[in-house]
Amino acid sequence: MATLPEITALLGEPRFNWSDAAPWTELEQELGVAFPADFREIVDAYGSIEINRQLYLTHPAGHLLHSLGESIRGDLELWRDEDMVEFLPSPVGPNPGELIPVASATTGEAVFLRVPDDASSPWRVVVQEFDSPSWTLYEMTFGEWLLAYLKGRDVMLCSRNLAPDGPFWAFLP
């Protein structure tokens, strides 16, 4: 499993460093699912950010303009629309095998966490290309997937081209 130090070594030092579990607890109670520890750790460290001017990650803290809870609620509504369900390998939602939208990209992808089928199974990442019916299931945790993205591996469109000098990030306004 990828660790925060590996991600920090590529992306740079985080400056958000959130330690209050309350926003996560509220969101997880609302959705009926607990997010994977690696996802929480990364988002708590960096907050709501844009990586390589492409990938958007958001934090659930309510005082932020870009909140994970608001994003998920809006995206669940979008992906439950009858015109959108055909573009994903399974429904969106908190149940086993369903997808929770957790990130987006300027290049048109939506990033989902796939809820494990049972408690002993790992969370996985699904990336959907918004302008096509194409999606890919990555047999890796969110941390492993993000590390692959930061290393320029083919886990999203054009990821190598957007950071030729190495990964970088900025807080979302």
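Numbering starts at 1 and runs along the sequence shown. Side chains included, hydrogens not; waters and symmetry mates left out as well; all remaining heavy atoms used.
A salt bridge is defined here as a Lys NZ or Arg NE, NH1 or NH2 lying under 4.0 Å from an Asp or Glu carboxylate O, and Arg114 with Asp117 meets this definition.
Placement of Leu172 and Leu27 in two distinct hydrophobic clusters is found when ILVMFWY residues are connected by side-chain heavy-atom separations under 4.5 Å, directly or transitively.
With hydrogens and angles ignored, the 3.5 Å screen pairs a side-chain donor or acceptor of Ser48 with a backbone N or O of His66. The backbone N or O of Thr141 lies less than 3.5 Å from a partner atom in the side chain of Glu144, making a donor-acceptor pair.
With values rounded to the nearest 0.5 angstrom, Arg124 atom CZ is found 8.0 Å from Leu137 atom CG. Summarising the geometry, atom CD belonging to Glu129 is positioned 6.5 Å from atom OG1 belonging to Thr136; distances are rounded to the nearest 0.5 Å. Taking OG from Ser67 and CZ from Arg73, the interatomic distance works out to 6.5 Å, rounded to the nearest 0.5 Å. To the nearest 0.5 Å, atoms CD1 (Ile7) and CD1 (Ile42) are separated by 3.5 Å. Here the straight-line distance linking atom CG of Leu76 with atom CZ of Arg80 works out to 4.5 Å at 0.5 Å rounding.
Proximity of the aromatic rings of Trp135 and Phe112 is defined here by a centroid distance below 6.0 angstrom, and this criterion is not met.
Side-chain atoms of Gln54 and Tyr149 include a donor-acceptor pair closer than 3.5 Å.
The two residues Ala148 and Met140 come nearest to each other via the heavy atoms CB-SD, 4.4 Å. The shortest heavy-atom contact between Pro23 and Asp20 is CD-O, 3.3 Å. Closest approach of Leu65 and Pro173 over heavy atoms only: CD2-O, 3.4 Å. A pairwise comparison of heavy atoms in Pro101 and Ile72 identifies O-CG1, 3.0 Å as the closest pair. Nearest heavy atoms, Leu57 versus Ala103: CD2-CB, 3.8 Å. Between Leu68 and Pro60 the shortest heavy-atom distance is CB-N, 3.7 Å.
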Could you walk me through whether Ile100 and Val33 pass the side chain to side chain contact (heavy atoms under 4.5 Å, CB included) check?
-> CA-CA 10 Å; Ile100 299 176; Val33 67; 3.4 Å; yes
Check step by step if side chain to side chain contact (heavy atoms under 4.5 Å, CB included) holds for Asp44 and Trp24.
-> CA-CA 10 Å; Asp44 275 345; Trp24 287 106; 2.7 Å; yes
Apply the test side-chain hydrogen bond (donor to acceptor under 3.5 Å, both in side chains) to residues Asp38 and Trp123: give CA-CA distance (whole Å), side-chain angles for both, the deciding distance (0.1 Å), then the verdict.
-> CA-CA 10 Å; Asp38 67 328; Trp123 287 77; over 6 Å; no
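Between Gln29 and Thr25, the closest side-chain pair of non-hydrogen atoms falls below 4.5 Å. Looking at heavy atoms from C-beta onward, Glu50 lies in side-chain contact with Thr106 at the 4.5 angstrom threshold. Contact annotation: the side chain of Thr8 never approaches that of Glu6 to less than 4.5 Å [non-hydrogen atoms, C-beta and beyond]. With contacts defined as side-chain heavy-atom distances shorter than 4.5 Å, the pair Leu55/Leu146 qualifies.
Across Phe168, Tyr46, Tyr56, Trp169, a single residue satisfies side-chain contact (heavy atoms from CB on, under 4.5 Å) together with Ile51, and that is Trp169. Looking at Leu113, Val111, Val126 one by one, the single match for side-chain contact (heavy atoms from CB on, under 4.5 Å) with Leu99 turns out to be Val126. Partner of Leu11 under the side-chain contact (heavy atoms from CB on, under 4.5 Å) criterion, chosen from Leu4, Leu150, Leu147: Leu150. None of Phe35, Phe16, Phe171 except one satisfies the ring-ring contact (aromatic ring centres under 6.0 Å, His included) rule with His59; the exception is Phe16.
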Result block: side-chain N/O donor-acceptor pairs under 3.5 angstrom for residues 84-97, not counting sequence neighbours:
{"residue": "Ser90", "atom": "OG", "partner": "Gly97", "partner atom": "O", "Å": "2.8"}
{"residue": "Asn95", "atom": "ND2", "partner": "Glu98", "partner atom": "OE1", "Å": "3.2"}

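Below 30°, between 30° and 60°, or above 60°: for Phe39 and Phe142 the angle between ring planes is above 60°, a perpendicular geometry.
The environment of CD in Glu30 is crowded: more than 12 heavy-atom neighbours from other residues, nucleotides or ligands sit within 6.0 Å.
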